[in-house]
Asker: 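I have a structure here, written as structure tokens, and I will follow up with some questions on it.
Proteins get letters first, then strands, A, B, ... in listed order; numbering begins at 1 in each. Model, not experiment: these values are computed from the prediction. The analysis underlying the following values was restricted to heavy atoms, covering all of them including side chains, and did not include hydrogens, waters or symmetry mates.
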2 protein chains.
Amino acid sequence: MTPTSTEETGTWAESARERISEAGLRRSTPRQRVVDLLDQQDCAITALEIDARLDRVGRATVYRAIEQLEELGLVRKVDLGGSAFGYEKVEPSGHHHHHIVCDECGKVEPFEDDALEEAIHEIHRKGFKLESHEVTLHGHCSDCD
Amino acid sequence: MTPTSTEETGTWAESARERISEAGLRRSTPRQRVVDLLDQQDCAITALEIDARLDRVGRATVYRAIEQLEELGLVRKVDLGGSAFGYEKVEPSGHHHHHIVCDECGKVEPFEDDALEEAIHEIHRKGFKLESHEVTLHGHCSDCD
DNA sequence: CTTATACTGAGATTGAATCTCATTATTATC
DNA sequence: GATAATAATGAGATTCAATCTCAGTATAAG
């Protein structure tokens, strides 16, 4: 018996699987592999990093899978200030974080801040029709102090 | 007499000229043309847009000029969520805005919000060594309602 | 098992940004 | 104003991200 390693990983991969079927998409092996890899990440990963880590899965498939997951609200696209975008799973809990990029070494760290979220919600109330928001802070990490 | 159209435009182009000389850089025509074009914009413009609008100025020169202006603190690089970065002048007054991107048509609008700035400054006080910050909100503009 | 078709992936293509290096323009000096 | 040292330029090659194409493949329904 080969145990399904994904069921141990958490709830996101499972809910992703469900949403994929509900949306009428096939549960193809390459798509599952992209889902599983995203599930294992704690923060954003680029499309080409996913591509590089998945042998026998084509670039086009990786980009397509990400795009579909994004449309299903399962994945968020984040702008890390570099040349490539990052992608990360959207937690079913609604929890989300923003990013601090170290301008020295390029390291990306997640952070959360309630006052910031509140301020952004206020902007929403002031009349802008916001779909989503994204905050990227730039500075120096502890290593590059 | 050909009147210098730049002196009528405002104070940014002038201070940029000064800082450029102070930094030991030459006042070359291509650089001046990049400065003048940036001076005319109210919001961010991409490097290739600058390149396209300036005949007889090479891509490399545009990118170099922008990079130098950025180092001198005269220009800010902004991430508009698309494929290319935008660049905009840094007002001597210290005034700065963030951006709302319409996910439908791609239009970028500037916005300012004091509570948001305050929340970000709080994060600074909490221990992160921030150099700069950048907030991009996504939604639908009035046209794409 | 068979069939219709959604999905895949190798490779070509587009677009942004960077790099190279021979030529040109700027500025200080005479 | 002419001259020399060298900073700056720009055409084109290169790199990297992302998208597109289309013949071949795998999926799921019957």
Side-chain angles (χ1 to χ4, degrees), chain A residues 16-38 44-72 75-88 101 103 106 108, chain B residues 16-38 44-72 75-88 101 103 106 108:
Chain A
R17 255 173 261 279
E18 282 173 32
R19 301 282 283 277
I20 284 169
S21 290
E22 282 167 22
L25 299 171
R26 291 180 180 175
R27 291 182 171 219
S28 70
T29 310
R31 235 201 298 267
Q32 300 293 353
R33 295 231 278 147
V34 171
V35 168
D36 289 345
L37 186 58
L38 279 166
I45 184 174
T46 70
L48 289 184
E49 275 164 7
I50 295 173
D51 181 52
R53 294 206 204 169
L54 297 180
D55 285 343
R56 323 202 121 264
V57 176
R59 259 179 296 287
T61 300
V62 170
Y63 279 103
R64 264 187 305 241
I66 288 171
E67 192 184 7
Q68 291 161 337
L69 291 169
E70 210 190 337
E71 279 164 13
L72 294 175
V75 157
R76 194 195 333 277
K77 182 184 194 175
V78 296
D79 218 323
L80 303 177
S83 48
F85 287 105
Y87 297 91
E88 61 189 12
V101 181
D103 290 332
V108 176
Chain B
R17 255 173 261 280
E18 281 174 33
R19 301 280 285 278
I20 284 168
S21 289
E22 282 168 22
L25 299 171
R26 291 179 179 175
R27 293 182 170 218
S28 71
T29 311
R31 235 201 299 266
Q32 299 293 352
R33 295 231 278 147
V34 172
V35 168
D36 289 345
L37 186 58
L38 278 166
I45 184 175
T46 70
L48 289 184
E49 274 165 7
I50 295 172
D51 180 53
R53 294 207 204 168
L54 297 179
D55 284 343
R56 325 204 118 261
V57 176
R59 259 179 296 286
T61 301
V62 170
Y63 280 101
R64 264 187 304 242
I66 288 170
E67 191 184 8
Q68 290 161 336
L69 291 169
E70 211 189 335
E71 278 164 13
L72 294 175
V75 157
R76 193 194 333 276
K77 182 184 195 175
V78 295
D79 218 322
L80 304 178
S83 49
F85 288 105
Y87 296 91
E88 62 188 11
V101 180
D103 289 331
V108 176

Asker: Just how far, in rounded Å, is P of C:dA6 from CD of A:Q32?
Answerer: 18 Å
Asker: Given that B:T61 and B:R26 both sit by DNA chain D, which one's nearest nucleotide is further toward the 5' end?
Answerer: B:R26
Asker: Compare every heavy atom of B:V62 with every heavy atom of B:A47, then report the nearest pair and how far apart it is.
Answerer: O-CG1, 3.6 Å
Asker: Where the side chain of A:A47 is defined as all heavy atoms beyond and including C-beta, which of D:dA28, D:dA18, D:dT9 is the nearest nucleotide?
Answerer: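 Output: D:dA18.
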Asker: Can you tell which of C:dA16, C:dT27, C:dC7 lies closest to the side chain of B:L48?
Answerer: C:dA16
Asker: Provide, to the nearest angstrom, the distance between the CZ atom belonging to A:R33 and the P atom belonging to C:dC7.
Answerer: 18 Å
Asker: Quick check on DNA chain C: between A:S28 and B:P30, whose nearest nucleotide comes earlier from the 5' end?
Answerer: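 The answer here is A:S28.
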Asker: So, does A:R33 use its side chain to make a donor-acceptor pair with the main chain of A:D55 at under 3.5 Å?
Answerer: yes
Asker: If every non-hydrogen atom of B:E18 is compared with every non-hydrogen atom of B:R27, which pair is closest and at what distance?
Answerer: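 Result for this residue pair: N-NH2, 4.2 Å.
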Asker: From the set D:dT19, D:dA28, C:dA17, return the single nucleotide nearest to any side-chain atom of B:Y63.
Answerer: C:dA17
Asker: State whether A:T29 places a side-chain N or O below 4.0 Å from either non-bridging phosphate oxygen (OP1 or OP2) of C:dT8.
Answerer: no
Asker: Do A:V35 and A:I20 have side chains that get closer than 4.5 Å, going by heavy atoms?
Answerer: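 Contact flag for A:V35/A:I20 side chains = yes.
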Asker: Looking only at the side chain of B:R64 (C-beta and beyond, no hydrogens), which of the listed nucleotides D:dA17, C:dT20, C:dA17 gets closest?
Answerer: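 Among the listed nucleotides, the one closest to the side chain of B:R64 is C:dT20.
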Asker: Out of the candidates B:R59, B:R64, B:R56, only one should pair with B:D51 under the salt bridge (Lys or Arg N to Asp or Glu O under 4.0 Å) rule; please name it.
Answerer: B:R59
Asker: Rounded to the Å, how far apart are B:F85 CZ and C:dA17 P?
Answerer: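 That distance rounds to 7 Å.
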Asker: How many whole angstroms separate atom OH of B:Y87 from atom P of C:dA17?
Answerer: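 B:Y87 atom OH is separated from C:dA17 atom P by 6 Å.
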Asker: Rounding to an integer number of Å, can you tell me how far A:E67 CD sits from C:dC7 C1'?
Answerer: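 That distance rounds to 14 Å.
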Asker: Among D:dC20, C:dT8, C:dT5, which nucleotide sits nearest the side chain of A:A60?
Answerer: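 Closest nucleotide to the A:A60 side chain: D:dC20.
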Asker: On the nucleotide C:dG9, are OP1 or OP2 found under 4.0 Å from the side-chain N or O atoms that A:R59 carries?
Answerer: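 No, no such contact exists.
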